[in-house]
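Since the structure is predicted, the reported quantities are computational estimates derived from the model, not experimental observations. In what follows, chains are A, B, ... by sequence order, proteins preceding strands, each numbered from 1.
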Number of protein chains: 2
Amino acid sequence: MTRLAKRAAASSKRGVTMSDVAQLAGVSPMSVSNTYKQPAKVSPETRQRVFEAAAKLGYLPNLLAGTLASGRSRIVGAIVPSLRNSNFAGMIQGLEETLGQHGCELMLAVADDPERELRAVQAFLGRRLDGIVLTGIEHSPEVAALLRRADVPVVETWSLNGPFIDMGVGFSLFDAAFEMVQMMVQKGYRRIGFAGYNPPGNPRFAERQKGFEAALRQAGLRDDLLYFGPEALGFATGRLALEALLSSEPKLDGLFCVTDVLAAGAIFDCARRGWPVPDRLAVAGYGDYDIAAELTPGLTTVRTPGHAMGSRAATLILASVETGRPSERIIDVGYELVIRDSI
Amino acid sequence: MTRLAKRAAASSKRGVTMSDVAQLAGVSPMSVSNTYKQPAKVSPETRQRVFEAAAKLGYLPNLLAGTLASGRSRIVGAIVPSLRNSNFAGMIQGLEETLGQHGCELMLAVADDPERELRAVQAFLGRRLDGIVLTGIEHSPEVAALLRRADVPVVETWSLNGPFIDMGVGFSLFDAAFEMVQMMVQKGYRRIGFAGYNPPGNPRFAERQKGFEAALRQAGLRDDLLYFGPEALGFATGRLALEALLSSEPKLDGLFCVTDVLAAGAIFDCARRGWPVPDRLAVAGYGDYDIAAELTPGLTTVRTPGHAMGSRAATLILASVETGRPSERIIDVGYELVIRDSI
DNA sequence: CTGAAAGCGCTTACAG
DNA sequence: CTGAAAGCGCTTACAG
């Protein structure tokens with residue numbers, strides 16, 4: 001195939017380019033570009049002719065070529081461990097909404113181990129995204145090094161504990177847990193257990209455990225009634241937690257759970273045992289999932305601002321790209337104790 | 001600033017390019033490119049030197065430039081109405097996983113109205129994505145026209161009813177609902193109501209309603225006990241459905257719900273009324289959410305294969321890009337009735 | 001307000 | 001196995 005034939009074939013497949021529009025409108029490609037990007041720099045008549053030609057040809061600007069030339073992709077990448085978790089789903093949704101309002105797109109990677117995270121970061125960097133949003137503050141040294149070296153805006157979420165690679169948005173998981181357990185103590189519960197997930201020390205839950213322990217220690221109470229079960233089992237783990245903790249402390253009167261799923265499982269199990277909640281056992285959750293309000297009794301829990309976190313992360317990145325690094329680079333989005341009847 | 005100074009500044013910011021690597025390795029840029037893309041075409045020594053130079057410089061290939069030159073972005077876009085719905089979250093996760101296994105990335109847009117969907121499609125097309133995954137088969141004419149004209153692989157999901165813009169993967173929502181309601185009839189329930197969402201005829205739920213009505217009509221039973229409530233209310237809508245349907249048919253003995261959330265709400269309300277399920281009222285759900293197995297009694301429901309759908313959609317697109325349009329362009333991923341104790 | 005020139009960082013098809 | 005040339009479709013900075 002001759003080069004010319006090839007070009008023709010390619011072009012018929014490829015579709016309309018800026019020069020095609022320029023030609024039909026009888027202007028230069030530059031004026032077409034300016035019509036879209038700097039309309040003020042173009043006379044109304046030129047603009048008009050460009051728009052008409054573009055419409056006639058069904059022209060769609062190739063944003064990729066624009067990115068290569070301008071250095072701005074208008075895409076931000078995000079990595080979350082899972083979408084099954086509504087916290088992360090909420091964050092992604094908040095991110096997407098705010099990005100969309102500013103004409104940017106979201107590239108999403110699901111990575112629940114350091115290796116996948118590294119690959120995702122490489123893929124993002126290779127595409128020269130405008131910014132990257134990470135979940136948590138625990139990343140492999142490679143990831144941190146890569147990100148720093150690339151000098152791309154990065155936001156780490158769900159934590160307020162630096163040092164951050166670049167920027168951070170989160171809230172204090174420690175404070176939230178501490179305050180919740182402190183409230184349980186104030187209400188008179190004395191033998192409070194902790195239900196968490198394997199492996200112990202899982203960074204996503206370790207802060208809550210520390211808050212739990214600190215509140216009990218401060219009150220002079222036992223802080224070692226700990227249970228760690230499989231996360232994959234869903235509600236069933238709540239039952240397992242109850243069984244395990246009761247076997248080491250039959251008079252257990254309170255349970256602090258690292259997720260509402262766990263708390264719901266425990267409450268379901270209390271119902272089966274015929275135990276009144278909170279009279280026989282007080283149960284507190286974490287996350288304020290849909291189910292929290294529907295349980296009987298309503299679950300007292302911590303509301304985590306996933307959506308707000310996503311939208312603030314987007315704001316931070318957009319600001320970095322548009323006006324340089326923002327002065328406030330760490331944002332506390334707070335948390336909220338939702339008081340219902342389970343404690 | 002002189003052009004040279006500008007270039008130097010830009011280049012220090014921009015980072016390492018293929019020519020930098022070529023220069024350090026003492027080979028041509030072509031050989032660097034081939035080292036990554038066609039290793040077989042390069043001698044082992046050259047390869048070696050390229051890798052060393054790349055590592056020394058911290059070279060990250062600019063995939064964007066590659067896309068512009070080659071026409072393949074290795075990105076596929078997906079549009080879902082929401083991520084709060086675990087069906088869609090599951091599909092996205094399946095999509096992302098399969099894409100990731102093939103070295104592709106996912107661009108995600110959340111769009112719950114035709115206008116946002118159109119904007120997302122334009123953004124995707126403008127970036128020359130390798131394929132686009134849509135939710136449902138109801139799209140504005142503009143969207144369909146744009147997509148057809150762009151000649152990009154498109155997969156529509158959650159339905160088996162054509163005509164498709166290009167390809168489809170789904171299962172029969174009608175069959176699933178029909179089979180479930182048929183089973184309720186076989187078990188002896190005679191006054192079965194339907195709990196759905198406003199507005200009636202919502203395409204995401206209309207098929208299930210048709211299946212419901214068909215099963216009852218075939219059995220010679222009333223098929224007009226219908227309730228449509230607000231989706232935003234969560235479990236509460238299940239209670240509202242029960243109240244409304246009971247007021248028009250006090251002897252209601254069965255309830256088919258378009259989501260497990262609705263079914264759970266109804267079961268919670270039965271508990272509050274002291275009504276045994278299924279003896280006083282049989283309840284069937286749809287979706288097999290986490291909560292279905294944890295309710296008392298366990299909820300009989302339809303399991304929808306969101307994850308499988310996402311991963312099949314990815315396969316379809318990858319096949320289209322790599323080996324041309326697949327011969328099988330509509331895939332039925334099936335559904336499953338999960339029988340527990342609520343009917 | 002307008003446009004010719006150079007460049008973004010790769011890949012393609014080709015000749016050696 | 002190797003590399004010079006042309007091109008992907010835009011934008012940048014500039015001169016008119």
First encountered from the 5' end of DNA chain D, between B/Thr46 and A/Ala65: B/Thr46
Upstream residue (5' side of DNA chain D) when A/Leu63 and B/Val42 are each assigned their closest nucleotide: B/Val42
Phosphate-side-chain proximity, [X] and [N], N/O vs OP1/OP2 below 4.0 Å:
| X | N | value |
| --- | --- | --- |
| B/Ser43 | D/dT2 | yes |
| A/Lys37 | D/dT11 | yes |
| B/Ser33 | C/dT11 | yes |
| A/Ser28 | C/dT2 | no |
| A/Ser70 | D/dT11 | no |

Nucleotide nearest A/Ser31 when distance is taken to its side chain, options D/dT11, C/dG3, C/dC10: C/dG3
For [X], report the nucleic acid contact type (base, sugar-phosphate, nothing); a contact means any heavy atom under 4.0 Å.
| X | result |
| --- | --- |
| B/Ala40 | sugar-phosphate |
| A/Tyr59 | sugar-phosphate |
| B/Thr67 | nothing |

Nearest-Å distance for atom pair [atom1]/[atom2], residues [X] and [N]:
| X | N | atom1 | atom2 | answer |
| --- | --- | --- | --- | --- |
| B/Met18 | D/dT2 | CE | C1' | 15 Å |
| A/Arg49 | C/dG3 | CZ | P | 9 Å |
| B/Gln38 | C/dT11 | CD | C1' | 10 Å |
| B/Lys41 | C/dA15 | NZ | P | 14 Å |
| A/Met30 | D/dT12 | CE | P | 8 Å |
| A/Leu68 | C/dG7 | CG | P | 14 Å |
| A/Leu64 | C/dC10 | CG | P | 14 Å |
| B/Arg72 | D/dC8 | CZ | C1' | 16 Å |

Partner nucleotide, any strand, of C/dG3 [Watson-Crick/G-U, under 3.5 Å]: D/dC14
A/Gln23 atom CD, over 12 foreign heavy atoms within 6.0 Å: no
Is there a donor in the side chain of [X] and an acceptor in the side chain of [Y], or the other way round, less than 3.5 Å apart?
| X | Y | result |
| --- | --- | --- |
| B/Glu52 | B/Gln48 | yes |
| A/Glu117 | A/His139 | yes |
| B/Glu97 | B/His307 | yes |

Euclidean distance, A/Leu318 CG relative to A/Thr323 OG1, rounded to 0.5 Å: 9.5 Å
